[in-house]
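Have a look at the structure below before the remarks.
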Amino acid sequence: MPAVVNPATEQTIAQLPDAGVEETDAAVARAKAAFPAWRAVSPTDRARLIRRVATLVEANVEELARIESQNVGKPIGGARAEVGMVAQVFHFYAGAVDKHHGQTIPVAGGVDLTFREPLGVVGLIVPWNFPLNIASWKVGPALACGNTVVLKPAELTPLSALRLAELVLEAGIPEGVVNVVVGPGRVVGQRLVEHADVAKIGFTGSTEVGRSVMQAAAGTIKRVTLELGGKSANVVFADADLEQAAASAPYAVFDNAGQDCCARSRILVERSVYDRFAELLVDATRNVKVGDPQDEATEMGPLISSQHRETVSSFVDGNTLFTGATPSGPGFWFPCTLVEATNDDRVAREEVFGPVAALIPFADEEDAVRIANDTPYGLSGSIWTENGARAMRVARALETGVLSINSNASVRPSTPFGGFKQSGFGRELGMQALDGYSEVKNVYMAT
Ligand code: NAD
């Protein structure tokens with residue numbers, strides 16, 4: 001029975017049985033049995049039930065935030081905001097149920113209609129860094145389209161998904177519509193990907209595992225959406241508001257202790273302002289409050305595990321510009337770290353997934369775009385400039401799915417989110433996510 005650990009205290013907070021192939025098959029069978037009745041629920045009633053999930057999440061913000069904070073080591077204030085977003089996501093998809101529909105298409109000799117059909121049973125596989133949030137990005141649109149769900153949380157962080165499943169039942173969504181299976185990725189996840197009765201996999205995780213999910217899905221020509229790793233650039237031009245850019249940059253990479261697929265972990269700075277910006281950035285980073293996640297003032301908690309801490313520390317091997325402080329005592333702490341690098345260094349090529357930012361100088365706009373795009377990833381990024389035309393030119397030139405101008409925000413319930421290149425494909429959030437949880441059917445009737 002594997003232990004669930006609080007990474008800030010190293011204490012065991014729960015012990016859960018590990019499910020295997022048999023339990024996964026049982027969950028898929030339940031989801032399959034629940035599908036015909038769930039797809040037949042009227043749009044109005046389906047929307048009402050999803051909205052009830054949203055209001056129950058709102059009513060249980062404190063409990064859900066505490067679970068997420070204790071299981072992931074997230075600062076409690078940030079965890080509360082994340083749970084608030086989970087509620088917004090369910091509100092959004094409650095409202096979307098009857099707004100994602102087919103078309104009539106002019107054709108000769110008859111009438112042509114398209115319908116949006118649900119897929120059936122969908123397998124949703126999520127990572128440990130934003131467990132509840134990312135679960136909601138998948139469960140919300142999957143339910144809105146009339147699918148039933150088997151959700152597999154990450155081994156390290158299963159608790160909030162289990163609580164969500166209880167709230168789904170409390171909302172009145174019938175048994176079997178949302179199922180949660182807790183167990184190892186290589187057993188439960190793999191089984192979901194290969195299962196003939198699972199129509200689609202919504203996967204968020206590493207590019208490495210995403211690659212194997214895509215391969216395994218080929219056996220059943222399964223639909224997949226892949227939300228994978230990132231190595232995003234925060235591009236600061238000399239004409240930017242440097243104070244504002246420097247004040248924001250630490251939170252763009254140290255938020256969630258850097259365990260964020262959108263982390264702007266390559267900070268590209270125009271050479272003429274590099275020294276000034278580096279000074280401002282060090283000052284801002286010094287102010288990041290690292291410590292007890294239960295303290296309302298804390299801005300950064302620990303890493304998820306000691307094994308992950310070892311991986312993160314392997315990236316820091318010289319040219320360190322700044323190393324922050326960490327609490328003493330138990331907990332998988334790692335300091336905020338700024339390093340000076342070139343885009344060819346390992347720290348700039350691979351996803352660190354920890355609080356380590358690489359500062360890289362560039363010569364001019366063309367050089368900035370070249371360096372920013374010189375990565376196999378393409379998830380998010382930021383552009384800091386007071387020149388609107390340049391902001392738009394660079395935004396169009398960057399090979400990335402999500403961009404912010406004079407901001408480091410990435411995610412909103414109503415706007416599409418997802419990657420270019422090896423950061424994956426398909427989109428979550430917004431109306432676009434509904435395309436990934438439905439199939440287009442074309443019907444022609446001769447008149
Ligand atoms: P991971 O790839 O190790 O695991 C993700 C999930 O896949 C877990 O639930 C895991 O149990 C499961 N899994 C593992 N092996 C599997 C297999 N063979 N078949 C099916 N499922 C399997 O990722 P992680 O360490 O949990 O999360 C960190 C990664 O997630 C980072 O690379 C990060 O960038 C990425 N991420 C991406 C986004 C995004 O939206 N693009 C968001 C958050 C995290």
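Counting starts at 1 for both ligands and their atoms, following the listed order.
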Ranked by distance from atom 41 (N) of ligand 1, the top protein heavy atom is Leu228 O, 2.7 Å
If you compare Ser305, Gly205, Ser212, Ala217 by their heavy atoms, the one closest to atom 35 (C) of ligand 1 turns out to be Gly205
| Side chains of Gln70 and Leu159: closer than 4.5 Å at any heavy-atom pair? | no
Would you kindly check if the NZ (Lys) or CZ (Arg) of Arg390 is within the cone defined by 45 degrees around the ring axis of Phe237 and under 6.0 Å from the six-membered ring centre? yes
Separation between CD1 (Ile360) and CG (Asp345), nearest 0.5 Å, reads 7.5 Å
Going by the 4.0 angstrom heavy-atom rule, the piece of Val126 near ligand 1 is backbone
Problem - Side chains of Gln88 and Arg412, donor plus acceptor under 3.5 Å - result: no
Given the protein's heavy atoms, is any one of them under 4.0 Å from atom 4 (O) of ligand 1? no
For Ala154, the ligand 1 atoms with a heavy-atom partner under 4.0 Å come out as 9 (O)
Q. N/O of Ser423 under 3.5 Å from N/O of ligand 1, yes or no?
A. no
- request: Tell me, please, whether Tyr437 has Lys200 positioned over its six-membered ring: NZ or CZ under 6.0 Å from the ring centre and within 45 degrees of its axis?
  value: yes
So for Glu351 against ligand 1, with non-hydrogen atoms under 4.0 Å, the contacting part is side chain
Under 4.0 Å between heavy atoms, the region of Glu428 that gets near ligand 1 turns out to be neither
Counting from 1 in the order shown, the ligand 1 atoms closer than 4.0 Å to a non-hydrogen atom of Ile134 are 42 (C), 43 (C)
Checklist entry - Is the closest side-chain heavy-atom distance between Gln15 and Pro2 below 4.5 Å? => result no
Any heavy-atom pair between the side chains of Arg266 and Ile371 that's under 4.5 Å?
yes
Notebook entry, point to check: Donor-acceptor pair, Asn147 side chain versus Ala199 backbone, under 3.5 Å?
Noted result: no
Counting heavy atoms under 4.0 Å, the part of Val209 that contacts ligand 1 is side chain
Atoms of ligand 1 under 4.0 Å from any heavy atom of Phe417, numbered from 1 in the order shown, are 40 (O)
min-distance protein heavy atom vs atom 12 (C) of ligand 1 -> Ile125 CG2, 3.6 Å
Within 4.0 Å of some non-hydrogen atom of Gly229, the atoms of ligand 1 are 32 (O), 34 (O)
Contact region, Asn129 to ligand 1, non-hydrogen atoms below 4.0 Å, reads side chain
Gly123 and Leu192 have their tightest heavy-atom pair at CA-CD1, 4.4 Å
the protein heavy atom lying closest to atom 11 (O) of ligand 1 turns out to be Glu155 OE1, 2.7 Å
Give a yes/no verdict on a cation-pi contact between Arg346 and Phe315, requiring under 6.0 Å between NZ or CZ and the six-membered ring centre and an angle within 45° of the axis.
-> yes
- Message: Please tell me whether Lys138 and Thr225 have a donor and an acceptor in their side chains that are separated by less than 3.5 angstrom.
- Response: no
**Request:** Flag the pair Val288 / Cys336 as yes when at least one side-chain heavy-atom distance between them is below 4.5 Å, and no otherwise.
**Result:** yes
Contact region, Leu379 to ligand 1, non-hydrogen atoms below 4.0 Å, reads side chain
| message | For Lys222, is there an ion pair with Glu194 - N to carboxylate O distance below 4.0 angstrom? | response | no
Checking heavy-atom distances from atom 20 (C) of ligand 1 to each of Gly189, Pro184, Cys261, Gly183, the winner is Gly189
Query raised in the report: Any chance the side chains of Glu340 and Tyr274 put a donor and an acceptor closer than 3.5 Å?
Result: yes
Quiz prompt | Sub-4.0 Å heavy-atom approach of Ala216 to ligand 1 | solution = no
Close side-chain approach of Val180 and Pro153, heavy atoms under 4.5 Å: yes
For this session: Check whether any N or O atom of Thr207, backbone or side chain, sits under 3.5 Å from an N or O atom of ligand 1, and answer yes or no.
Result: no
Heavy-atom proximity to atom 18 (N) of ligand 1 ranks first, among Gln190, Arg211, Glu208, Gln259, for Gln190
Nearest non-hydrogen protein atom to atom 23 (O) of ligand 1, with distance, is Ser206 N, 3.4 Å
Ligand 1 atoms nearer than 4.0 angstrom to some heavy atom of Thr204 are 5 (C), 36 (N), 37 (C), 38 (C), 39 (C), 40 (O), 42 (C), 43 (C), 44 (C)
Quick look: Pro153 vs ligand 1, heavy-atom contacts under 4.0 Å, and the answer is backbone
task: Measure from the ring center of Phe130 to the ring center of Trp137 and say whether it is less than 6.0 Å.
output: no
Does ligand 1 have an atom that lies less than 4.0 angstrom from a heavy atom of Phe130?
no
Heavy-atom proximity to atom 28 (C) of ligand 1 ranks first, among Trp137, Phe353, Phe203, for Phe353
Closest to atom 17 (C) of ligand 1 among protein heavy atoms sits Gly185 O, 3.5 Å
Atom 25 (O) of ligand 1 sits nearest the protein heavy atom Trp128 NE1, 2.9 Å
among protein heavy atoms, the one nearest atom 27 (O) of ligand 1 is Pro127 CB, 3.3 Å
